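Just so you know, these numbers come straight off a predicted model, no measurement behind them. These numbers come from the heavy atoms of this one structure, side chains and all, not from hydrogens, waters or symmetry mates. In what follows, chains are A, B, ... by sequence order, proteins preceding strands, each numbered from 1.
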Number of protein chains: 2
Amino acid sequence: MPSLKIKSSRNIPEKILKTAIHLFTNRGYFSTSVSDIVRESGVSTGSIYHHFGDKEGIARALFEMLVLRMENAFDDIERQHDTAQARCRAVIKLLFQITEEEPEVMTYMLFVKHEEFMLGTAPICSSKPFRQMREMVAEGMDSGEVRPMDPMVAAASIFGGALRMISMRLDGILQQPLTEYLDELWSSAWRSVCQ
Amino acid sequence: MPSLKIKSSRNIPEKILKTAIHLFTNRGYFSTSVSDIVRESGVSTGSIYHHFGDKEGIARALFEMLVLRMENAFDDIERQHDTAQARCRAVIKLLFQITEEEPEVMTYMLFVKHEEFMLGTAPICSSKPFRQMREMVAEGMDSGEVRPMDPMVAAASIFGGALRMISMRLDGILQQPLTEYLDELWSSAWRSVCQ
DNA sequence: GATACTAGAACGAACAGTCGTTCTAGTCAA
DNA sequence: TTGACTAGAACGACTGTTCGTTCTAGTATC
């Protein structure tokens with residue numbers, strides 16, 4: 001997580017966010033009370049409300065931070081690779097790495113129903129990172145790497161398997177680290193859409 | 001939904017369950033109060049507790065009913081088809097149909113985090129229907145229809161795209177009914193694992 | 001057929017506890 | 001001294017649940 005450097009030497013907002021993502025992903029947003037966050041973070045109620053306004057504000061800050069981080073990572077990938085094949089593979093590799101290194105981050109991004117508590121928020125798959133993923137596939141179709149087909153079907157075919165693996169890994173059904181499945185999964189995924 | 005015939009001519013448990021699945025999927029479990037269910041169903045608080053014990057009991061009854069229904073449907077599919085290819089395709093077709101005809105049922109089955117409120121419940125992908133899906137793929141590998149590979153990767157590759165399409169459809173990103181994508185999606189999915 | 005009785009289904013006002021939030025007092029760096 | 005920040009007790013709204021009562025339909029008795 002890119003540490004948001006903030007003036008206070010004790011960096012209270014970061015403490016709050018770290019505790020929050022841990023509790024939100026393990027117990028769920030509604031089963032986490034503000035008092036729980038106070039207790040586990042060692043930060044007072046007053047500070048929490050001073051920095052984030054309300055409980056939803058914590059969830060929102062967390063979400064925006066992680067989405068932004070993902071956007072930047074995808075921008076990097078687009079810069080570092082120039083074929084759809086290489087880009088999509090790099091995206092999956094990145095998602096697998098994050099899942100292994102920071103499972104709570106991946107859980108919060110992909111498998112938390114933000115609309116339920118962040119009122120007026122669009123579902124995660126209409127967020128920019130997901131759009132970037134679909135665009136990579138669409139560009140691959142324009143360039144002839146990906147065979148002509150419905151763009152949504154193509155995107156679902158390329159990334160669907162990987163997202164399924166992530167979901168199973170986070171649910172404890174896969175024992176081995178995701179990175180060990182990467183090559184085999186990618187060759188299957190690419191077979192489904194290549195010319 | 002298979003109507004649980006119950007003596008009472010007014011069939012109160014069914015009224016409660018219908019209201020509950022509607023509210024749970026649209027607002028979320030925690031944002032739905034028992035009073036909301038009382039108001040929308042026209043059933044009294046007392047009756048709800050008489051039939052289901054507590055709020056969680058409603059969610060649990062709903063879940064068990066829908067999982068059972070899915071198990072039976074998959075059993076039928078296994079009886080009616082004898083190749084992995086035909087079985088897997090039939091499963092996807094069925095899931096697409098349910099998504100179109102009863103989106104709330106599909107939402108509740110796939111995209112509600114039951115562990116958060118039904119304490120001690122395993123995640124949905126360790127439930128029997130999901131195991132049945134993985135077994136169909138494994139059998140296809142034994143028979144030589146599916147090329148040799150990690151069984152989990154094979155299952156994720158076959159069903160991942162379809163589940164992604166369902167998710168996008170339920171989130172309102174796909175305008176057309178899923179059934180229109182079935183042929184194209186299936187041919188992609190099968191390409192990824194066939195010999 | 002009429003009556004008395006019974007079991008369980010339905011009701012909803014009342015309760016105890018928890019939650020998110022507010023507020024006043026205090027701390028500390030500049 | 002000032003102003004940003006921290007602290008945590010206090011508050012009111014709301015939640016899931018309970019429980020005493022009423023209603024309903026079926027059975028036994030006459």
Side-chain angles (χ1 to χ4, degrees), chain A residues 3-24 26-63 112-121, chain B residues 3-24 26-63 112-121:
Chain A
S3 59
L4 325 155
K5 282 284 170 217
I6 289 193
K7 271 176 274 180
S8 162
S9 60
R10 307 184 41 214
N11 212 344
I12 287 198
E14 192 174 314
K15 262 190 204 170
I16 297 169
L17 291 177
K18 279 199 169 144
T19 309
I21 196 174
H22 180 244
L23 293 175
F24 288 170
N26 287 282
R27 301 189 199 167
Y29 176 83
F30 291 103
S31 304
T32 301
S33 68
V34 175
S35 321
D36 290 336
I37 301 179
V38 168
R39 199 179 314 114
E40 287 227 11
S41 67
V43 171
S44 72
T45 319
S47 295
I48 292 180
Y49 279 85
H50 174 74
H51 287 287
F52 295 101
D54 55 12
K55 186 186 174 187
E56 191 183 319
I58 306 173
R60 203 176 290 276
L62 213 41
F63 185 68
V112 166
K113 279 256 151 200
H114 301 93
E115 313 99 272
E116 278 182 20
F117 49 88
M118 287 165 44
L119 305 170
T121 307
Chain B
S3 59
L4 325 156
K5 282 283 169 216
I6 288 190
K7 269 178 272 179
S8 162
S9 60
R10 309 193 29 220
N11 213 344
I12 286 199
E14 193 174 315
K15 264 191 203 169
I16 297 170
L17 291 176
K18 279 198 169 145
T19 308
I21 197 175
H22 180 245
L23 292 175
F24 288 170
N26 287 280
R27 300 188 199 167
Y29 177 83
F30 291 103
S31 302
T32 301
S33 67
V34 175
S35 318
D36 290 335
I37 301 179
V38 168
R39 201 179 312 113
E40 287 227 12
S41 67
V43 172
S44 71
T45 317
S47 295
I48 292 180
Y49 281 85
H50 175 73
H51 287 286
F52 296 102
D54 56 12
K55 186 186 174 188
E56 191 183 319
I58 307 174
R60 203 175 288 276
L62 215 40
F63 185 68
V112 166
K113 280 257 151 200
H114 301 93
E115 313 98 273
E116 278 182 21
F117 49 89
M118 285 164 45
L119 305 170
T121 307

Taken in chain and number order and not counting sequence neighbours, the residues that satisfy side chain to side chain donor-acceptor pair (under 3.5 Å) with B/Asp36 are B/Arg27, B/Ser33, B/Arg39
Salt bridge (Lys or Arg N to Asp or Glu O under 4.0 Å) partners for A/Lys113, two or more places apart: A/Glu115
What is the distance, rounded to the nearest whole Å, between atom CZ of A/Phe52 and atom P of C/dT21? 14 Å
Identify the pairs formed between an N or O of the protein and an N or O of nucleotides 12-15 of chain C at a distance under 3.5 Å, and give each distance.
unit_1	atom_1	unit_2	atom_2	d
C/dG12	N7	B/Gly46	N	3.2
C/dG12	O6	B/Gly46	N	3.4

Whole-Å distance, B/Lys55 NZ to D/dT17 P, equals 8 Å
Smallest heavy-atom separation, A/Ile37 atom then A/Ile48 atom, equals CG2-CD1, 3.8 Å
Between B/Lys15 and B/Thr19, what is the shortest heavy-atom contact and its length? O-OG1, 2.9 Å
B/Tyr49 has its side chain closest, among D/dT6, C/dA10, D/dT17, to D/dT17
Taking NZ from B/Lys15 and C1' from C/dC11, how many angstroms apart are they, rounded to a whole number? 13 Å
Looking only at heavy atoms, which two atoms of A/Asp54 and A/Tyr49 are closest? And how far apart? CA-CE2, 3.7 Å
How many whole angstroms separate atom CZ of B/Arg27 from atom P of D/dC14? 14 Å
Going by the rule side chain to side chain donor-acceptor pair (under 3.5 Å), which residues pair with B/Ser31 if we only count those two or more places apart in sequence or in a different chain? none
side-chain contact (heavy atoms from CB on, under 4.5 Å) partners for A/Phe52, two or more places apart: A/Pro13, A/Ile16, A/Leu17, A/Ile58, A/Ala61
Can you name the residues that form a side-chain contact (heavy atoms from CB on, under 4.5 Å) with B/Phe117, not counting sequence neighbours? B/Tyr29, B/Phe30, B/Ala59, B/Tyr108, B/Val112, B/His114
For the helix from C/dG1-D/dC30 to C/dA30-D/dT1, what is the angle between the axes at its two ends, each from 5 pairs, rounded to 10°? 10°
Results of side-chain contact (heavy atoms from CB on, under 4.5 Å) for B/His22 - residues two or more places apart only: B/Asn26, B/Glu40, B/Glu104
Expected rows: protein N/O vs nucleotides 27-30 of chain C N/O, under 3.5 Å:
none

Interface residues of residues 32-41 of chain A with DNA chain C (non-hydrogen, below 4.0 angstrom): A/Thr32, A/Ser33, A/Val34
Starting at CD1 of A/Ile16 and ending at P of D/dT6, how long is that distance when rounded to a whole Å? 8 Å
Please give, in whole Å, the distance from C/dG20 P to A/His50 NE2? 20 Å
Holding to side chain to side chain donor-acceptor pair (under 3.5 Å), I want the full list of residues that pass it with A/Glu56, two or more places apart in sequence or in another chain. A/Arg60
How many whole angstroms separate atom CZ of A/Phe30 from atom P of D/dT15? 12 Å
Only counting residues at least two apart or in another chain, list the ones meeting side chain to side chain donor-acceptor pair (under 3.5 Å) with A/Ser44. A/Ser47
Heavy-atom pair with the smallest gap, counting every atom of A/Met118 and A/Thr121: O-OG1, 2.6 Å
Distance check needed: C/dG20 C1' versus A/His51 NE2, whole Å only. 18 Å
